[in-house]
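Since the model is a prediction, treat every value here as computed from it, not as a measurement. Every chain is numbered from 1, with letters handed out A, B, ... down the list of sequences.
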Number of protein chains: 2
Amino acid sequence: MTTNDHAKRLQERGLRPTPQRLAVYEYLLSHRTHPTADTIYEAVLAQYPSFSRTTIYNSVKALMDAGLVRVVTIDPLEQHFDGNPADHGHCRCERCGQLLDFEMPEDLLAALVPEGFSVQQQDIFFTGVCKACQASFA
Amino acid sequence: MTTNDHAKRLQERGLRPTPQRLAVYEYLLSHRTHPTADTIYEAVLAQYPSFSRTTIYNSVKALMDAGLVRVVTIDPLEQHFDGNPADHGHCRCERCGQLLDFEMPEDLLAALVPEGFSVQQQDIFFTGVCKACQASFA
DNA sequence: TATTATATTTGTAATCAGTACAAGTTAATA
DNA sequence: TATTAACTTGTACTGATTACAAATATAATA
């Protein structure tokens, strides 16, 4: 995927592919760490010294409205963003801090939710200890 | 469950059962709506006009440290609290705003998470449309 | 019970994420 | 090029949360 492809994708959704938006989008695509607005800001500032914090929020909002980015509800105090808008769950390891994605199969989802409830968005978040960290403390 | 039982429960966990803590705890037990700090504050103010916002945060933190209360990660901008510390999921209906709890069976949980990951805390949150609201728009 | 030490509550001030808004800039169109 | 609309920027503001110090209440001890 080149920057051109990304620009095209924004245009298809009615978004002007400005350098700032592309920088935010590409940061989210290449860093699957679900960063906060401020983390994105610090990173893109290196390329665009005039980048404004407000532009981070504006860009992220535009990308979310276009369905390319989503908020992940994994923190009760700060918004974290994800460049993968498809539904999926997250696990965070308390020891190494790593964030793992996983799939949420349709049938499991259906088995979980109250009967008749139609799910539109998922936020599934587990905290625990990953395999590697368990091994290293055995 | 009487207030005395609740007081005893706090004491067992090493918490002094002050009137303020009991008011916060009992509000959370009797209102399963996962309120914010401010919602709790408004409610308890009626009984204790001198109640301070800071005391809400202090009490909730003490109760959380004691394992009696937890934060539910259903909102990236504000903390919501739950008097049920047991693991369970939440569904919010976009139309009527209702928040439904549901169980998360062990075997489903195991099937979901990456192999070897040991889950310590769950935050499962679905947004969608509940059965009643679907019916009323049919 | 009186005294002392400790824990808790309170109110104010500070912090920090996010938003509103207006002015400046860029890009698109005629 | 002139005009218009979209976007970015910086500043000011809001609102949730935390820090802190003084006041109060509780528990422990004599």
* Base, sugar-phosphate, or nothing: which does B/N58 touch, judged by heavy atoms less than 4.0 Å apart? -> base
* Asked: Taking OP1 and OP2 of D/dT9, is either one under 4.0 Å from a side-chain nitrogen or oxygen of A/T54?
  -> no
* Asked: Reckon B/T18 has a side-chain N or O less than 4.0 Å from the OP1 or OP2 of C/dT9?
  -> yes
* Asked: Is B/R21 touching bases, backbone alone, or none of the nucleic acid, heavy atoms closer than 4.0 Å?
  -> sugar-phosphate
* Asked: So does A/Q79 get a side-chain nitrogen or oxygen closer than 4.0 Å to the phosphate oxygens (OP1/OP2) of C/dG18?
  -> yes
* To do: Using a 4.0 Å heavy-atom cut-off across all strands, classify A/T55 as base, sugar-phosphate, or nothing.
  => base
* Treating Ile, Leu, Val, Met, Phe, Trp and Tyr as nodes and any side-chain heavy-atom pair under 4.5 angstrom as an edge, say whether B/L112 and A/V113 lie in one connected cluster. => yes
* Asked: Are B/L29 and B/L100 linked, directly or through other ILVMFWY residues, by side chains that come within less than 4.5 angstrom of each other?
  -> no
* To do: Considering just the side-chain nitrogens and oxygens of B/Y57, establish if one lies under 4.0 Å of OP1 or OP2 belonging to D/dT18.
  => no
* Describe, in one word, how the ring planes of B/Y27 and B/H31 are oriented to each other, choosing from parallel (under 30°), tilted (30 to 60°) and perpendicular (over 60°). => parallel
* Structure fact -> Rounded to whole Å, CG of A/D65 lies from C1' of D/dA6 at a distance of 15 Å
* Asked: Does B/T36 put a side-chain nitrogen or oxygen below 4.0 Å from OP1 or OP2 of D/dA16?
  -> no
* Look at the side chain of A/E78 and decide which nucleotide, out of D/dT11, C/dA7, C/dG18, has an atom nearest to it. => C/dG18
* What about the rings of B/F102 and A/F117, do their centers lie closer together than 6.0 Å? -> no
* Asked: Given D/dC7, is OP1 or OP2 found less than 4.0 Å from the side-chain N or O atoms of A/Q20?
  -> no
* Counting any heavy atom closer than 4.0 Å, what does B/A37 reach on the DNA or RNA strands: base, sugar-phosphate only, or nothing? -> sugar-phosphate
* For the side chain of B/R16, counting heavy atoms from C-beta on, which of C/dA28, D/dA27, D/dT8 is nearest? -> D/dA27
* **Under 3.5 Å side-chain donor-acceptor pair for A/D82 and A/H88** => yes
* Asked: When we call it a touch if two heavy atoms are under 4.0 Å apart, what does A/S50 touch: a base, just sugar-phosphate, or nothing?
  -> sugar-phosphate
* Asked: Considering heavy-atom distances to DNA chain C, does A/L77 or B/P49 have its closest nucleotide positioned more toward the 5' end?
  -> B/P49
